[in-house]
Amino acid sequence: MGQSGLTGFFDRYLEAKSIFRNKAVLQSAHIPQAVLHREKEIGAIAGILAPSLKKEKPSNLFIYGKAGSGKTLSMRHVAAELEMHADANNIPLKIVYLNCKLKRIADTEYRLIAQLARDYGKSIPPTGLPTDEVYKIFHQAIDSNSCVNIIILDEIDQLVKKAGDEILYNLTRINDELKNAKISIAGISNDMVFLDALDPRVKSSLSEEEIIFAPYNALQLQDILSERAREAFTENALEQGVLEKCAAYAAREHGDARRCLELLRVAGEIAERNSSSSIGISHLDAADEKIERDRLMIILTTQPKQSQATLYAIVSIGISSKASIFTGDVYELYKTVCSRIGLRPLTQRRVSDIIAELDMLGIVNVKVISKGRYGRTREIALSVPSTTTPRMKKILEESLNL
DNA sequence: GTCAATTCACATGAAAGAGACCACGGTCTAGTG
DNA sequence: CTAGACCGTGGTCTCTTTCATGTGAATTGACGA
């Protein structure tokens, strides 16, 4: 019977010794006890925020550095310690952490302020109220006691890109209107040039203090990895050279520790699924490929239909001809695709933007070129290996019911 | 041959509209005492 | 009399269209050597 076979499988699954001891340690949400190789930065942050313990307003702080360089981790680490000290000594201090990238939570002015107000115990409807009303509520909530408030805005560049820098201006200016409380803002950004694009008034007040996080190098990544791996895996689960290779992989991609940990975790999962007792280099390679494939798959299937149709047009042209792909050709094919699947075609203006969005997602590579007398256009190239394009096409065909 | 003007095929920006979602206050309606 | 249903108004948010302006080098054509 199939059923008993399955029972056998589950039995064996339960019996097999897992190579994981605690998988959560490798998840990006995990906050480790000690933050390695960031002593200097943590010291700097602590120094800047420390005045809050004396009920003084700390300087606004701006942190930037590449993805996975420990910015958020360090900031949260300091915040947690600070809160602990404040608690222990009865100092009125409140720290709010907000990730501005989270869709539908804090990616517009209204939502950001509403979310902040909610953190102060007010209930704000998701929409329907005028924005200045929400400001007023937030203002009252914060000013009701004389407390120092530190607001950590993670991925602040995303917020500004979507909603403009007026929010930051308003936020930094709230201080002038507060009678009791004080607000400090700590912005975290991946984007190095983000500050330059800001309104100079906002820029000067937001970046009273600046801290730059350099990417981890391979050796530091190795340290971090081995520290986490010791907790995450059982003994002898890692074969020789795996950690080194993993660190080298990530160091190549600008020292992203988050990606590094993910790689190790997925490699572990693959090893376990193959009922292997340890993680080898081959698992690492498989993991690298799987992560890339999964990422692509998620992006493809979660895109709106219009983007899928556009991408389908690009992929089709890319497969059928070796020559460069231009916006005009894509749009023509896109229109026929639309009529075939009964989709109302968008204007070229919009499709142009969609192509730019696909570029942002890293599926295609776009370069604006001028062909002289023959106009200006985007030169589009698929940024996935040509071996995966047929599969991409198939996935898109299914998703679009072609 | 040289050089400035022209021209193409879009890119890029700004503004505004459509439609979905929501809160709030006023009005209407049916049920209850 | 009152709770709940049902508008109308005014707000946000996202996606899109419309209109306007910008752009960079191949091409063209006038000009001079």
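Lettering of chains follows the sequences in order, A, B, ..., and the numbering in each one begins at 1.
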Query - Atom-to-atom span, NZ of A/Lys305 to C1' of C/dC15 - whole angstrom - result: 16 Å
Query raised in the report: With A/Thr172, which residues qualify under side chain to side chain contact (heavy atoms under 4.5 Å, CB included), at least two apart?
Result: A/Asn60, A/Ile185, A/Ser205
Requested in this report: Report the residues that fulfil side chain to side chain contact (heavy atoms under 4.5 Å, CB included) with A/Ala114, sequence neighbours left out, ordered by chain and then residue number.
Outcome: A/Tyr110, A/Arg118, A/Ile124, A/Val134
**Report entry** Spacing of A/Leu159 atom CG relative to C/dC13 atom P, expressed in whole Å
**Finding:** 11 Å
Requested in this report: Determine which pairs satisfy salt bridge (Lys or Arg N to Asp or Glu O under 4.0 Å) with at least one residue from residues 393-402 of chain A, sequence neighbours left out, and list them in order.
Outcome: none
Contacts table for residues 88-99 of chain A: side-chain donor-acceptor under 3.5 angstrom, sequence neighbours left out:
unit_1	atom_1	unit_2	atom_2	d
A/Asn89	ND2	A/His85	O	3.0
A/Lys94	NZ	A/Asp119	O	3.3
A/Tyr97	OH	A/Asp154	OD2	2.5
A/Asn99	OD1	A/Lys101	N	2.9

Query - Interface limits on DNA chain B, where chain A has a heavy atom under 4.0 Å of a nucleotide atom - result: B/dT7 to B/dA23
Query raised in the report: What integer distance in Å separates A/Tyr334:OH from C/dT16:C1'?
Result: 11 Å
Report task. Kindly state each residue pair satisfying salt bridge (Lys or Arg N to Asp or Glu O under 4.0 Å) with at least one member in residues 338-363 of chain A, sequence neighbours excluded. Result -> A/Arg349-A/Asp353, A/Arg350-A/Glu357
Report summary line: The contact string for nucleotides 17-27 of chain C, one letter per nucleotide 5' to 3', using protein heavy atoms under 4.0 Å with B, S and - for base, sugar-phosphate only and none, comes out as SB---BBBBBS
**Report entry** Sequence neighbours excluded, every pair satisfying salt bridge (Lys or Arg N to Asp or Glu O under 4.0 Å) that has a member inside residues 80-92 of chain A
**Finding:** none
Query raised in the report: Roughly how many Å is it from CG in A/Leu112 to P in C/dT12, rounded to a whole number?
Result: 15 Å
Query - Donor + acceptor pair across side chains of A/Ser399, A/Gln308 (<3.5 Å) - result: yes
Requested in this report: Please name all residues satisfying side-chain hydrogen bond (donor to acceptor under 3.5 Å, both in side chains) with A/Arg293, sequence neighbours left out, ordered by chain then number.
Outcome: A/Glu289
Query raised in the report: How would you list, by chain and number, every residue that makes a side chain to side chain contact (heavy atoms under 4.5 Å, CB included) with A/Pro32, sequence neighbours excluded?
Result: A/His30, A/Leu73, A/Arg228
Report summary line: Sequence neighbours excluded, the answer for side chain to side chain contact (heavy atoms under 4.5 Å, CB included) partners of A/Asn180 is A/Asp143, A/Ser146
Requested in this report: Note down the inter-axis angle between the two ends of the helix from B/dG1-C/dC31 to B/dG31-C/dC1, five pairs each, to the nearest 10°.
Outcome: 20°
